[in-house]
2 protein chains.
Amino acid sequence: MTTIYDVARRSGVSPATVSRVLSGRRNVDPELSEKVRAAVAELGYRPNGVARNLRKSSTNLWAVVISDIENPFFTSLVRGLEDVAQTEGYHVVLCNSDEDPAKEAAYASAVLTDQMAGVVISPTSTAEGVQLLADAKIPLVMIDRRVEGVEADTVLVDNEHGAFEGVKHLIDGGYQRIACITGPRKVSTAMDRLSGYRSALRAGGIRYDKDLVRHADFREAGGYAAMESLLELADPPEALFATNNLMTVGALECLARKGLRAPDDIAVVGFDDIPWADLVVPSLTTVAQPTYELGRTAGMLLKDRTTSPGRPPSTVTLRTELHIRATSAPKK
Amino acid sequence: MTTIYDVARRSGVSPATVSRVLSGRRNVDPELSEKVRAAVAELGYRPNGVARNLRKSSTNLWAVVISDIENPFFTSLVRGLEDVAQTEGYHVVLCNSDEDPAKEAAYASAVLTDQMAGVVISPTSTAEGVQLLADAKIPLVMIDRRVEGVEADTVLVDNEHGAFEGVKHLIDGGYQRIACITGPRKVSTAMDRLSGYRSALRAGGIRYDKDLVRHADFREAGGYAAMESLLELADPPEALFATNNLMTVGALECLARKGLRAPDDIAVVGFDDIPWADLVVPSLTTVAQPTYELGRTAGMLLKDRTTSPGRPPSTVTLRTELHIRATSAPKK
DNA sequence: CTGTTAGCGCGTTCAC
DNA sequence: GTGAACGCGCTAACAG
């Protein structure tokens, strides 16, 4: 491997000067500078990033810890983050936690061991992993979910308001018996969206009926099972609000399997878009989240945190947007 | 920061012994070993990965260079790769090239600078980036696409055969005027799938009509435009074979916009699945690729290449699978 | 089996 | 504006 010493010898200067030329941090005589550049080209020299990292005790890596990259919500978010990373000179390390606190903790630990420059994380229900990172005072942005007791920059969407709007839209369409499939009790998004559902019912003068609420796991199979159980009620719901994309898909699949159609048999509003929601039959009404922006914002916060570590933690809340399509057409 | 020297002092042994205990590579007296572990726990010592990397002149990072993580094909592939990475002790660095040779080359360069342990890449049409990596003799696996003149482990699917089957299925359904929307001329998958299309026509005794073929860019808008142009033909096609998922979606959107329905107005077979193809209306017939397996296989090859660098490069070809759904129902 | 020693390649003092 | 020298934290080689 050719090192900075080889370049120095070849160009007749000291290694320190080569370093200065390459990092461009200080003034160097243009003539020497030119010699160095020539030597670099001739030797095909490439700086050793690892050595540089050791010396500076920090890397150019950002970790993004999410539950599953295959969920389009995270896919788009990660893309937003990576675009910022690229312009800022960082690389993104992808960490799928699968909602498993152990995996999450392992990644958090690796983040510290490998001296990564920052982390964006969508925390699982236990705070262990996030806490480790927060304690280490590494630049940290929580995304999508709040965690009680952890002070860090945070990017959220207006979950409660978004859910409110989605459910209100159903009520405005004449639906009264509206079911809700939400996520685990410990996850802030699940609770906030459930809470928006309840507010909308209240505002619409509809009594809250806990038999119409299901807690599932934010996954497709969970949505399917929850839908199935709702359909077994003596008096099944005439509309459904599902609090994430995968559970909505599961519910739709359940309906299709049973030969039921939206909105005629049951109207549907989902939280979070799915790709090509227009092509689904009938097209799916959703409370859309600005997923790409979520990632982008997290990237900006991470960058700001790095440049000015002292700043008090801030929380950015982005707006959701109701996308009215066919599954929520007014009751006939 | 607490270092290996602090641990050594605290436990009354040499730094080397601490290193041996922590890496577990050589036998150490159990008693000393215990002392070391105790000291590690007391001090909350965490090894410095960067220093370790410098010393070993290699990192625990794998790069995956793809055109866009938002394409479900790559999403799933990356997930497959990451699962292998995790069990083998690597992290995955995500690199979106957007089919831009300059971005790809920049990432390739960063891979070398940062001493990453290996790369999985879906090459753009120009070979520059891949060539750089191949010349550097870094463990390298090409996925999805072949590149002429570059010797490296490769994972592909049986593009030609898959396309053949998809088109044959249309012919068997009674369709004769079958159009094809394929990708750029320089991309191997585009050409291989086009070639399978032609073979199927030939086998079905149908004359090849180049007016029915469009070269687009593998993206949604390209598929849309190509479909539009096909519909403007004096004698429009009665069936369509599109060679990737995004262009298929684009074509479907074009049809929907024009009020045309599959398969009654035009039958459709797409190459590569999309998530929830069942929910699309009508459900979409596809030549499905084992995307997760593609990534997993790439990971295995990368690992093998690392453990036995001498082995001659191998090419693994995985099978596609025809998923017959509604858009290709036989002609009435 | 253990300790001593010497770098891995670089950036950054500190003198000049 | 430049060079000499040191050390970031670790592990591999060697000697014992």
Side-chain angles (χ1 to χ4, degrees), chain A residues 1-37 39-40 43-61 89 109-117 136 138, chain B residues 1-37 39-40 43-61 89 109-117 136 138:
Chain A
M1 186 175 201
T2 85
T3 79
I4 209 168
Y5 285 90
D6 301 321
V7 177
R9 208 171 308 125
R10 178 86 169 215
S11 51
V13 301
S14 77
T17 298
V18 177
S19 172
R20 289 193 267 258
V21 170
L22 294 179
S23 64
R25 299 180 94 75
R26 287 170 68 150
N27 275 352
V28 174
D29 185 304
E31 198 173 327
L32 289 189
S33 186
E34 197 38 56
K35 276 189 190 167
V36 168
R37 284 183 205 295
V40 165
L43 295 172
Y45 167 75
R46 173 186 302 285
N48 182 324
V50 178
R52 179 178 288 171
N53 290 340
L54 176 59
R55 182 60 235 246
K56 309 204 302 184
S57 55
S58 122
T59 64
N60 58 348
L61 297 176
S109 178
V111 160
L112 298 179
T113 297
D114 287 352
Q115 312 252 75
M116 302 199 194
I138 180 177
Chain B
M1 186 177 202
T2 85
T3 78
I4 209 169
Y5 284 91
D6 301 322
V7 177
R9 207 172 310 127
R10 177 86 170 217
S11 51
V13 300
S14 76
T17 298
V18 177
S19 172
R20 290 194 267 259
V21 170
L22 294 179
S23 65
R25 299 181 93 73
R26 289 173 64 153
N27 274 353
V28 175
D29 185 305
E31 198 173 327
L32 289 188
S33 185
E34 198 37 59
K35 277 188 190 166
V36 169
R37 284 182 205 296
V40 165
L43 296 172
Y45 167 75
R46 174 187 300 285
N48 181 324
V50 178
R52 179 179 290 169
N53 290 339
L54 176 60
R55 183 57 234 240
K56 308 206 305 182
S57 53
S58 127
T59 64
N60 58 347
L61 298 175
S109 178
V111 161
L112 298 179
T113 297
D114 287 352
Q115 312 253 72
M116 302 198 194
I138 179 177

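To find a chain, count down the sequence lines: A is the first, B the second, and so on, and within it residues start at 1. The basis for the numbers below is simple: all heavy atoms, side chains too, and nothing from hydrogens, waters or symmetry mates. Since we're looking at a predicted model, the values are computed, not measured.
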Subject >> Atom-to-atom span, OH of A:Y45 to P of C:dG9 - whole angstrom >> reply: 10 Å
Original post:
Going through the distances and angles, do B:T3 and B:N48 end up as a side-chain contact (heavy atoms from CB on, under 4.5 Å)?
Top reply: CA-CA 8 Å; B:T3 78; B:N48 181 324; over 6 Å; no
Original post:
Which residues within residues 12-19 of chain B lie with some heavy atom under 4.0 Å of an atom in DNA chain D?
Top reply: B:A16, B:S19
**OP:** Look at the side chain of A:R20 against the base of D:dG3 and say whether a donor-acceptor pair falls under 3.5 Å; ignore hydrogens and angles.
**Re:** yes
**OP:** List the steps, then state whether side-chain contact (heavy atoms from CB on, under 4.5 Å) holds for A:V18 with A:Y5.
**Re:** CA-CA 8 Å; A:V18 177; A:Y5 285 90; over 6 Å; no
Subject >> Distance-minimising heavy-atom pair for B:D6 and B:M1 >> reply: OD2-O, 3.9 Å
Subject >> A:V40 vs A:L22, side-chain contact (heavy atoms from CB on, under 4.5 Å): CA-CA, chis, key distance, verdict >> reply: CA-CA 9 Å; A:V40 165; A:L22 294 179; 4.2 Å; yes
**OP:** Taking all heavy atoms of B:Q115 and all of B:T59, pick out the closest pair and write down the distance.
**Re:** O-OG1, 3.0 Å
Subject >> Nucleic acid contacts of residues 48-55 of chain A, taken as heavy-atom distances under 4.0 Å to DNA chain D >> reply: A:L54, A:R55
**OP:** Please report the closest heavy-atom contact between B:A110 and B:M116, naming both atoms and the distance.
**Re:** O-CE, 4.4 Å
Subject >> 4.5 Å side-chain heavy-atom contact, A:L61 and A:D114 >> reply: no
Original post:
When the distance from CG of A:L22 to P of D:dT2 is rounded to whole Å, what number comes out?
Top reply: 14 Å
Subject >> Distance in angstrom units between B:M1 CE and D:dC10 P, rounded >> reply: 6 Å
**OP:** Identify, residue by residue, the members of residues 2-9 of chain A with a heavy atom below 4.0 Å from DNA chain C, and return them in order of residue number, or none.
**Re:** A:T3, A:I4, A:Y5
**OP:** To the nearest 0.5 Å, tell me how far B:S11 OG sits from B:E34 CD.
**Re:** 11.0 Å
**OP:** Verify whether one side chain among A:R52 and B:T113 offers a donor that lies under 3.5 Å from an acceptor in the other.
**Re:** no
Original post:
Between A:L43 and A:R10, does a side-chain contact (heavy atoms from CB on, under 4.5 Å) hold up when you go through it step by step?
Top reply: CA-CA 9 Å; A:L43 295 172; A:R10 178 86 169 215; 3.7 Å; yes
Original post:
Which value, rounded to the nearest 0.5 Å, describes the distance between A:L54 atom CG and B:R55 atom CZ?
Top reply: 12.5 Å
Original post:
To the nearest Å, how far apart are A:L112 CG and D:dG9 P?
Top reply: 15 Å
